[in-house]
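Take a look at the structure below.
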Amino acid sequence: MIKIAPSILSADFSRLGEDIQSVSSADYLHFDVMDGLFVPNISIGIPVLQSVRRFTDMTLDVHLMIDKPIRYIDAFFEAGADIINIHAEADTEENNLAALKKILSLGKRAAVTIKPGTPASELEKYIELCSLVLIMTVEPGFGGQKFMADMLPKLGKIRDCAEGFGLSCLLEGDGGINPMTAALAAAAGAEVLVAGSDVFGAADRAGRILALRGGKQA
Ligand code: DX5
Ligand code: ZN
């Protein structure tokens, strides 16, 4: 069964609690952090994560779209992250490895994310430390973009590579997910799908999460 991670980037922040409640049947809650440097947008950060952590027991999947994420691992851990995703492009290999080891030493799940232009081979350096790898299916920075179907072969390649190494990390896709693209991504090997605008734009969010899991048109 595909896991669904609604991204609160598309929530109404003036009623964030209610919006989180409306997606509580999902598997993870995806939390997009943007610093205006690594991506051309600024979103939410540590104080909001602290409030969300106090509000929900859902697994918090924190996607750090920030430069040199090693600087903030402790802060996001203390704020309540369960999964901490860093971008491979955000720092040197040495610093990224140190960041992943830090996340593991804190007892949390480590994950690496790659942008559409980054080859799947980049993950080889990190995959053994990861319980999840995140493949961007849009350019990071904004919700509501169109799914990049040319990322599907990349998902398949990473799935095969992880199985080849006997690794059990989950493969997550992020960006442009709706019931139709969810089916494509799942068929290509994705096991966790992030969906922002599709879930929060739906009147029946629980129904939409079910539709995304089944990959059927709602
Ligand atoms: C984009 C973010 C995504 C985004 C997905 O930079 O990482 O998580 O919120 O939004 P949708 O589902 O609208 O493409
Ligand atoms: Zn994201």
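Counting starts at 1 for both ligands and their atoms, in listed order.
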**Prompt:** Does OH in Tyr72 sit with more than 12 non-hydrogen atoms of other residues, nucleotides or ligands closer than 6.0 Å?
**Reply:** no
- prompt: In terms of side-chain heavy atoms, does His63 have a donor or acceptor partner in Asn85 at a distance below 3.5 Å?
  reply: no
Between Ser43 and Asp32, does the side chain to side chain donor-acceptor pair (under 3.5 Å) criterion hold? Intermediate values first, please.
CA-CA 7 Å; Ser43 59; Asp32 285 308; over 6 Å; no
Close side-chain approach of [X] to [Y], heavy-atom, < 4.5 Å:
{"X": "Asp19", "Y": "Phe13", "result": "no"}
{"X": "Val133", "Y": "Ile158", "result": "yes"}
{"X": "Val33", "Y": "Ile46", "result": "no"}

Residues with a heavy atom under 4.0 Å from ligand 1, by chain and number, are Ser7, Leu9, His30, Asp32, Met34, His63, Met65, Met136, Pro140, Gly141, Phe142, Gly143, Gly144, Asp174, Gly175, Gly176, Val194, Ala195, Gly196, Ser197
In His63, the N/O/S atom nearest the Zn ion (ligand 2) carries the name ND1
For the Zn ion (ligand 2), the nearest N/O/S atom on Asp32 is atom OD1
Stacked cation flag Lys115 on Phe38, 6.0 angstrom / 45 deg: yes
Rounded to 10°, the NE2/His30 to the Zn ion (ligand 2) to OD2/Asp174 angle comes out at 100°
